[in-house]
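Here is the structure we will look at, set down as structure tokens.
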Amino acid sequence: MPMLLMLVPMPLSLPAGVIAYGYRNYSPPFKRLLAQNSTTILHRYHHQLHLHLRSSNNNIPSQLSSLFYSKFFLRNLNCLLTGNSLFFRMERFWSGSSINKNKAMVEHLHHYGVISSKKVAEVMETIDRALFVPDGTPAYVDSPMAIGYNATISAPHMHATCLQLLEENLKPGMHALDVGSGTGYLTACFALMVGPQGRAVGVEHIQELANCSIKNIEKSAAAPLLKEGFLSIHVGDGRQGWPEFAPYDAIHVGAAAPEIPQPLLDQLKPGGRMVIPVGNIFQDLKVVDKNEDGSISIRSETSVRYVPLTSRDAQLRGY
């Protein structure tokens, strides 16, 4: 069975489209998207998709490629270029008025293969995303959202991805660092996972966002951990980490660095893992593991698009 058939959640006769998260193998490289005229991109992409679908053992009606092109790709090209991930967003599948609860968001992410971990699902159900996005914004849509000061909160599927990549390093008693903690959502998730035996630390260089994140956490299920001191938010340059509670079993960086900051590598515990987007225009989500002997192993998880990890002043100027 060709991959496309496995990714379609409804019969092929329905205009249901393709699941966004697993579709990266069919999307053209991001460099080509930026380098070519958009009309050329669309027609070449349609032609290449049609050829793939009609190639050996892909017995899919030619109408399907046209349906995908007209009903899905054209409407989602902008999402491809601007979202946290180069995967197409899944918003169209579950952002309707009948699905407006945090638990429903998590269930749909699980249903479509974004979340596979029971623990991650439990934590994301417990920490209500609506408490961490600006008032009036659609909290449960799978899209990054502006939170002011030229910063964003990542899309739910990226939060889920990072939590799953770090899950083995977020066990009770472990220490976790969230660089660029923004409105505090992922820091709160970390705190629930490491529990009162551990420590969750958020570092944010915009004072107003740090203050806002504390208020958000105080309204969430992580409030007791904040009150008891097992979760803390600090104002500072996240590129320097937060040495006070190092070494860390898990480090998450919520903005793209041109290269991995050495202080973060130094503060990563042997056996620890860091997840960090790296690059300028072209970015990859890197998984950085520090081995027990102190050596570093790095692999790329997927292509992504994040705001840059920079100084406070540069961020406020718009980079």
Side-chain angles (χ1 to χ4, degrees), residues 3-27 64 67-68 71-73 75-80 82-134 136-147 152-167 170 183 185-186 188-190 192-193 216 220-222 252 254 275 285 301-305:
M3 182 179 178
L4 183 63
L5 286 177
M6 292 187 288
L7 292 172
V8 175
M10 298 183 185
L12 296 182
S13 60
L14 298 178
V18 181
I19 297 308
Y21 191 83
Y23 210 77
R24 60 178 169 180
N25 293 329
Y26 288 96
S27 61
L64 178 59
L67 176 66
F68 173 78
K71 298 293 187 181
F72 187 79
F73 180 72
R75 296 181 184 180
N76 287 277
L77 177 63
N78 187 58
C79 300
L80 182 70
T82 60
N84 272 123
S85 172
L86 296 189
F87 303 132
F88 293 122
R89 291 193 319 216
M90 291 168 52
E91 171 183 348
R92 63 178 301 174
F93 296 106
W94 51 270
S95 62
S97 58
S98 62
I99 305 173
N100 55 11
K101 302 290 185 181
N102 192 67
K103 184 175 181 180
M105 177 193 76
V106 176
E107 288 174 347
H108 277 70
L109 290 171
H110 172 74
H111 178 73
Y112 288 119
V114 179
I115 296 176
S116 58
S117 163
K118 181 178 179 181
K119 181 63 176 178
V120 169
E122 289 176 352
V123 168
M124 290 186 68
E125 286 182 5
T126 303
I127 300 296
D128 189 350
R129 180 176 165 86
L131 299 175
F132 296 86
V133 301
T137 58
Y140 308 117
V141 169
D142 190 23
S143 173
M145 294 181 184
I147 56 175
T152 62
I153 180 174
S154 291
H157 77 266
M158 286 307 300
H159 283 148
T161 296
C162 292
L163 286 170
Q164 291 191 151
L165 288 171
L166 293 170
E167 182 176 6
L170 291 170
T183 61
Y185 175 82
L186 210 56
C189 290
F190 287 171
L192 285 193
M193 294 181 79
N216 296 339
S220 77
H252 166 266
V275 174
L285 187 66
E301 176 68 15
T302 186
S303 296
V304 291
R305 187 68 181 148

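Quantities reported herein were computed from a predicted structural model and do not represent experimental measurements.
Side chain to side chain, Asp128 and Tyr185 fail the donor-acceptor criterion of an N or O pair below 3.5 Å.
Among all heavy-atom pairs drawn from Ala121 and Val106, the shortest one is O-CG1, 3.7 Å. Taking every heavy atom of both residues into account, Ala222 and Ile127 meet most closely at N-CD1, 4.1 Å. The shortest heavy-atom contact between Arg129 and Ala139 is NE-O, 2.7 Å. Of all heavy-atom pairs spanning Ala221 and Leu192, the tightest one is O-CD2, 4.0 Å. Between Cys189 and Leu163, the shortest heavy-atom contact is CB-CD2, 4.0 Å. Leu131 and Ser220 get closest at one heavy-atom pair: CD1-CA, 3.8 Å.
In this structure, His252 contributes its side chain and Val275 its backbone to no donor-acceptor pair below 3.5 Å. Side chain of Asp142 to backbone of Ala155: no donor-acceptor contact under 3.5 angstrom is found. Between the side chain of Asn102 and the backbone N or O of Met124 there is at least one donor-acceptor pair closer than 3.5 Å.
To the nearest 0.5 Å, atom OG of residue Ser116 and atom CD of residue Glu167 are 8.0 Å apart. With rounding to the nearest 0.5 angstrom, the CG atom of Leu109 is 10.5 Å from the CD atom of Glu125. Distance check: Glu301 CD to Leu165 CG gives 4.5 Å after rounding to the nearest 0.5 Å. Distance NZ/Lys119 to CE/Met193: 6.5 Å, rounded to 0.5 Å. Rounded to the nearest 0.5 angstrom, Met145 CE and Phe132 CZ are separated by 14.5 Å.
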Side chain to side chain contact (heavy atoms under 4.5 Å, CB included) evaluation trace for Val123 with Phe190:
CA-CA 9 Å; Val123 168; Phe190 287 171; over 6 Å; no
Working for side chain to side chain donor-acceptor pair (under 3.5 Å), residues Ser117 and Gln164:
CA-CA 7 Å; Ser117 163; Gln164 291 191 151; 4.8 Å; no
Side chain to side chain contact (heavy atoms under 4.5 Å, CB included) assessment of Leu285 paired with Met158:
CA-CA 10 Å; Leu285 187 66; Met158 286 307 300; 4.1 Å; yes
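Tested against Ile153, the residues Thr183, Leu186, Thr137 include a single side chain to side chain contact (heavy atoms under 4.5 Å, CB included) partner, Thr183.
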